[in-house]
Undergrad: 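Here you go, one structure.
Read the numbers this way: they start at 1 and go in the same order the structure lists the ligands and their atoms.
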Amino acid sequence: MSRRVDTLVVGAGYAGAVMAERLASDGRQVLVVDRRPHIAGNAFDHPDAAGVLIHPYGPHIFHTNAPQVVAYLSRFTEWRPYEHRVRAVVKGMLLPIPINRTTVNRFFGLDLARDEVANFLAAKAVPIARQRTAADVVLGTVGQELYEAFFRGYTRKQWGVDPSELDSSVTARVPTRVDDEDRYFTDSFQAMPLGGYTRMFEAMLDHPNITVHLGVDFAEIRKEVRYGQLVYTGPIDEYFGYRYGRLPYRSLRFQHVTLNTTQHQPVAVVNYPSPDVPYTRITEFKHLTGQHHAKTSICFEYPSATGDPYYPVPRPENAALYARYRALADATPNVVFVGRLATYRYYNMDQVVGQALATHRRMTERLRADQGDGAIVAIPAAPLTS
Ligand code: FAD
Ligand code: UDP
């Protein structure tokens, strides 16, 4: 273990890897630790026992509208074009989700044209003056029947609470369409790293100024390593010893299965919104990766209140608790909090990359302002703490 570094980065996921790479490129000596035995955080992928490339922490699909994020990551990977499509099992049928013209027609047994679908849904929509909750957004757009069939059961399973107790942002992630568009995302850039996520992270962390130690918890080494600055990407409440109580996180149990068949389902992800099915969705990884293999590997997601913290839970009381931790973070010198867990945000991968790049930019600008206009060759380390 290096005993003295410019920057200690806790976490080797997107937030940690981007910060480490940027600071190392500025000339800083960076030590990255992660308590897991691998890099890439929740985006980690690896071949399973059968040799099928899987995502052990559930399906990760890269999509973004941010050209600067694509430009940055493209330094570490080539891409394989991939457009994500999802179906939901409803009334014994496999229907497109997000809800589109096909979904409406098949669900209600109709044959409506595009403008007729818009009118039909407008008539179904429940009038809600201010769409505040995750239930409001769906009810106010597609009405009671589609809400109950596609969203209520899924959301109750996924989050362990009724949609009426979650922020509108949760279900607002899934649009409603009146045409035949059946891609899950319409972002300008949709692709998967050609060699997988782990390979991309290996390239990001492959820098002479970066050392990575895996299977190491920050709590074990915080007294051992001397660092000028800390970049922390773990849960913010954990950093502060749960001083104000625990921030709620939702977890998942993943059941991975390899099947002796080339294909299990027609698209990468099939959702199961029914309350009678204990899992929320099944992913078949070969659709995502384009891998050819005689077998196929799939993954069931069972939501859980306990386990690794995967999802911050967007609701007002949690935002209020996070704000108290945020105030502590703002008053903690030489520690930068970045990422989905450290800033308690339901962020996609590209948003975390964008957040980390912006954080690094602000750090650089602050130093430039402190030191005058001269170009910065290497960022000097802040005073060492032990
Ligand atoms: P993480 O990836 O969680 O990395 C944080 C790392 O810090 C972890 O490896 C953890 O072990 C380590 N750590 C924490 N505390 C400590 C400590 N005390 N000491 C040492 N190490 C520590 N995004 C998309 O864009 N597309 C998708 O399709 C998508 N699908 C998802 C599916 C699931 C099931 C989940 C859970 C998330 C999904 N995401 C998706 C979101 C994506 O995973 C995150 O945006 C991204 O991984 C967050 O990166 P991060 O670095 O902030 O956090
Ligand atoms: N959702 C739903 N039914 C679906 C798909 C999504 O109710 O078929 C709701 C659910 O609350 C979910 C949220 O919309 O948590 C966001 O969906 P997304 O697919 O973005 O979830 P993620 O991939 O982040 O788990």
Undergrad: Can you tell me the protein heavy atom closest to atom 15 (O) of ligand 2 and the distance?
TA: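 Heavy-atom neighbour on the protein nearest atom 15 (O) of ligand 2: W159 NE1, 2.9 Å.
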Undergrad: Would you call D179 and R101 a salt bridge, taking side-chain N to carboxylate O under 4.0 Å as the test?
TA: no
Undergrad: At what distance is the nearest protein heavy atom to atom 9 (O) of ligand 1, and which residue and atom is it?
TA: D34 OD2, 2.7 Å
Undergrad: What part of R281, side chain, backbone, both or neither, has a heavy atom within less than 4.0 angstrom of ligand 2?
TA: side chain
Undergrad: Examine ligand 1 and decide if any of its atoms is less than 4.0 Å from a heavy atom belonging to F44.
TA: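 Outside the 4.0 Å threshold, so no.
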Undergrad: Whether E238 and R35 form a salt bridge (side-chain N of Lys/Arg under 4.0 Å from carboxylate O of Asp/Glu) is what I want to check.
TA: yes
Undergrad: Taking both backbone and side-chain atoms of D350, is any N or O found less than 3.5 Å from an N or O belonging to ligand 1?
TA: no
Undergrad: Applying the ring-ring contact (aromatic ring centres under 6.0 Å, His included) test to F254, which of F300, Y302, F44, Y310 qualifies?
TA: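 Single ring-ring contact (aromatic ring centres under 6.0 Å, His included) partner of F254 among F300, Y302, F44, Y310: Y310.
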Undergrad: Would you mind checking which non-hydrogen protein atom is closest to atom 21 (O) of ligand 2, with the distance to 0.1 Å?
TA: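 In this structure, atom 21 (O) of ligand 2 has Y346 OH, 3.2 Å as its nearest protein heavy atom.
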Undergrad: Say whether A43, considering both its backbone and side-chain N or O atoms, lies within less than 3.5 Å of an N or O atom on ligand 1.
TA: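 Not met; the criterion fails.
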Undergrad: May I ask you to check if R250 and Y346 form a cation-pi contact, with NZ or CZ under 6.0 angstrom from the six-membered ring centre and within 45° of the axis?
TA: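 The answer is no; the distance or angle limit is not met.
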Undergrad: Any salt bridge linking R183 with E181? Criterion: basic side-chain nitrogen under 4.0 Å from a carboxylate oxygen.
TA: yes
Undergrad: For ligand 1, is P59 a contact, meaning one of its heavy atoms is under 4.0 Å away?
TA: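 In this structure, P59 qualifies as a contact of ligand 1 - some heavy atom is under 4.0 Å.
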Undergrad: What protein heavy atom is closest to atom 18 (N) of ligand 1, reported as residue, atom name and distance in Å?
TA: D217 OD1, 3.2 Å
Undergrad: Determine whether the side chain, the backbone, both or neither of Y184 has a heavy atom under 4.0 Å from any heavy atom of ligand 2.
TA: side chain
Undergrad: Checking Y244 against Y325 for the ring pair (Phe, Tyr, Trp, His ring centres under 6.0 Å) test, could you report, in this order, the C-alpha distance in whole Å, the side-chain angles of both residues, the deciding distance, and whether it holds?
TA: CA-CA 8 Å; Y244 300 136; Y325 280 114; 5.3 Å; yes
Undergrad: Mind checking whether V352 contacts ligand 1 via backbone (N, CA, C, O), side chain (CB onward), both or neither, at a 4.0 Å heavy-atom cut-off?
TA: side chain
Undergrad: For E220, is the CD atom crowded, meaning more than 12 foreign heavy atoms sit under 6.0 Å from it?
TA: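 Count over threshold, so yes.
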Undergrad: If you measure from each heavy atom of T64 to ligand 1, is any distance below 4.0 Å?
TA: no
Undergrad: Check V170 against ligand 2 and report side chain, backbone, both or neither, counting heavy atoms closer than 4.0 Å.
TA: both
Undergrad: With a cut-off of 4.0 Å, which atoms of ligand 1 are near a heavy atom of G41?
TA: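 Reading through ligand 1 atom by atom, the close ones are 2 (O), 4 (O), 9 (O).
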Undergrad: Just jot down the ligand 1 atoms closer than 4.0 angstrom to any heavy atom of G11, in number order.
TA: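 Numbered from 1, ligand 1 contributes 6 (C), 7 (O), 12 (C).
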Undergrad: Under 3.5 Å between some N or O of ligand 2 and some N or O of A88?
TA: no
Undergrad: Considering heavy atoms of the protein only, find what lies nearest to atom 19 (N) of ligand 1 and give residue, atom and distance to 0.1 Å.
TA: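 For atom 19 (N) of ligand 1, the nearest protein heavy atom comes out as F218 N, 2.9 Å.
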Undergrad: So is I61 polar-close to ligand 1, meaning N/O to N/O under 3.5 Å?
TA: yes
Undergrad: For ligand 1, indicate whether the residue Y57 contacts it via side chain, backbone, both or neither (heavy-atom separation under 4.0 Å).
TA: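 For Y57, only backbone atoms sit under 4.0 Å from ligand 1.
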Undergrad: Numbering the atoms of ligand 1 from 1, which are under 4.0 Å from a heavy atom of G339?
TA: 52 (O)
Undergrad: What protein heavy atom lies closest to atom 38 (C) of ligand 1? Include the residue and the distance to one decimal.
TA: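 It is H60 NE2, 3.3 Å.
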Undergrad: What residue and atom, counting heavy atoms only, is the protein's closest point to atom 36 (C) of ligand 1, and at what distance?
TA: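 The closest one turns out to be Y310 CB, 3.6 Å.
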Undergrad: N/O to N/O below 3.5 Å, does that happen between Y154 and ligand 2?
TA: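 Checking ligand 2 against Y154, no N or O pair falls under 3.5 Å apart.
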Undergrad: With respect to V335, which candidate in L8, L230, V10 satisfies the side chain to side chain contact (heavy atoms under 4.5 Å, CB included) definition?
TA: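 With V335 as partner, L8, L230, V10 yield a single side chain to side chain contact (heavy atoms under 4.5 Å, CB included), made by L230.
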Undergrad: Any N or O of R340 that comes nearer than 3.5 Å to an N or O of ligand 1?
TA: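 So ligand 1 has an N or O lying under 3.5 Å from an N or O of R340.
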Undergrad: Polar-atom distance check: R35 versus ligand 1, any N or O pair below 3.5 Å?
TA: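 N/O-N/O distance under 3.5 Å: yes.
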Undergrad: Distance to 0.1 Å, residue and atom name: give those for the protein heavy atom nearest to atom 20 (O) of ligand 2.
TA: R173 NE, 2.8 Å
Undergrad: Look at atom 9 (C) of ligand 2 and say which protein heavy atom is nearest, naming residue and atom and giving the distance to 0.1 Å.
TA: T155 OG1, 3.8 Å
Undergrad: Can you tell which part of E238 has a heavy atom less than 4.0 Å from ligand 1: side chain, backbone, both or neither?
TA: side chain
Undergrad: Backbone, side chain, both or neither: what part of Y347 comes under 4.0 angstrom of ligand 1, heavy atoms only?
TA: backbone
Undergrad: Closer than 4.0 Å to some heavy atom of V10 - which atoms of ligand 1 meet that?
TA: 16 (C), 17 (C), 19 (N), 20 (C), 21 (N), 22 (C)
Undergrad: Can an N or O of T171 be found at a distance shorter than 3.5 Å from an N or O of ligand 2?
TA: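 Not met; the criterion fails.
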Undergrad: Would you check, one step at a time, whether the test side-chain contact (heavy atoms from CB on, under 4.5 Å) holds for V138 with F150?
TA: CA-CA 10 Å; V138 185; F150 287 85; over 6 Å; no
Undergrad: Under 4.0 Å from a heavy atom of Y14: which atoms of ligand 1 are those, numbered in the order shown and with their elements?
TA: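 Numbered from 1, ligand 1 contributes 49 (O), 51 (O).
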Undergrad: Any N/O of F151 closer than 3.5 Å to an N/O of ligand 2?
TA: yes
Undergrad: Using a heavy-atom cut-off of under 4.0 Å, does the side chain or the backbone of V338 touch ligand 1, or both, or neither?
TA: neither
Undergrad: Does R80 make a cation-pi contact with Y82, if we ask for NZ or CZ under 6.0 Å from the ring centre and within 45° of the axis?
TA: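 Relative to the ring axis of Y82, which defines the angle, R80 lies outside at least one limit.
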Undergrad: Looking only at protein heavy atoms, which one is nearest to atom 4 (O) of ligand 1, and what is the separation?
TA: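 Protein heavy atom at minimum distance: G13 CA, 3.8 Å.
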Undergrad: Would you mind running through ligand 1 and noting each atom that sits below 4.0 Å from a heavy atom of G234?
TA: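 Answer for ligand 1: 14 (C), 15 (N).
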Undergrad: For the ring-ring contact (aromatic ring centres under 6.0 Å, His included) test, which of F201, Y57, Y197 pairs with H38?
TA: Y57
Undergrad: Does an N or O from A15, backbone or side chain, lie closer than 3.5 Å to an N or O of ligand 1?
TA: yes
Undergrad: Would you mind reporting whether D182 and T102 have side-chain heavy atoms less than 4.5 Å apart?
TA: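 No; the side chains remain at least 4.5 Å from each other.
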Undergrad: For ligand 1, which atoms, with element, lie under 4.0 Å from some heavy atom of T233?
TA: 5 (C), 7 (O)
Undergrad: Yes or no: does R152 have any heavy atom under 4.0 Å from an atom of ligand 2?
TA: no
Undergrad: If the cut-off is 4.0 Å to any non-hydrogen atom of L341, which atoms of ligand 1 fall inside it?
TA: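 Listed by number with element, the hits are 3 (O).
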Undergrad: Considering non-hydrogen atoms of the protein only, which is the closest contact for atom 25 (O) of ligand 1, and what is the distance?
TA: M349 N, 2.7 Å
Undergrad: Is there a polar contact between ligand 1 and R281, counting only N or O atoms under 3.5 Å apart?
TA: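 No - when backbone and side-chain N and O of R281 are compared with those of ligand 1, no distance drops under 3.5 Å.
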Undergrad: What protein heavy atom sits nearest atom 25 (O) of ligand 2, and how far off is it?
TA: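 In this structure, atom 25 (O) of ligand 2 has Y311 OH, 2.5 Å as its nearest protein heavy atom.
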Undergrad: Among all protein heavy atoms in this structure, tell me which lies nearest to atom 17 (O) of ligand 2, with the distance rounded to 0.1 Å.
TA: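 Heavy-atom neighbour on the protein nearest atom 17 (O) of ligand 2: V174 CG2, 3.7 Å.
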Undergrad: Going by heavy-atom distance to atom 1 (P) of ligand 1, choose the closest among N42, D308, L214.
TA: N42
Undergrad: Taking 4.0 Å as the limit for heavy-atom contacts, which would you say applies to A342 with ligand 1: side chain only, backbone only, both, or neither?
TA: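 Neither part.
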Undergrad: Could R340 and Y311 be counted as a cation-pi pair, given that NZ or CZ must be under 6.0 Å from the ring centre and within 45° of the axis?
TA: yes
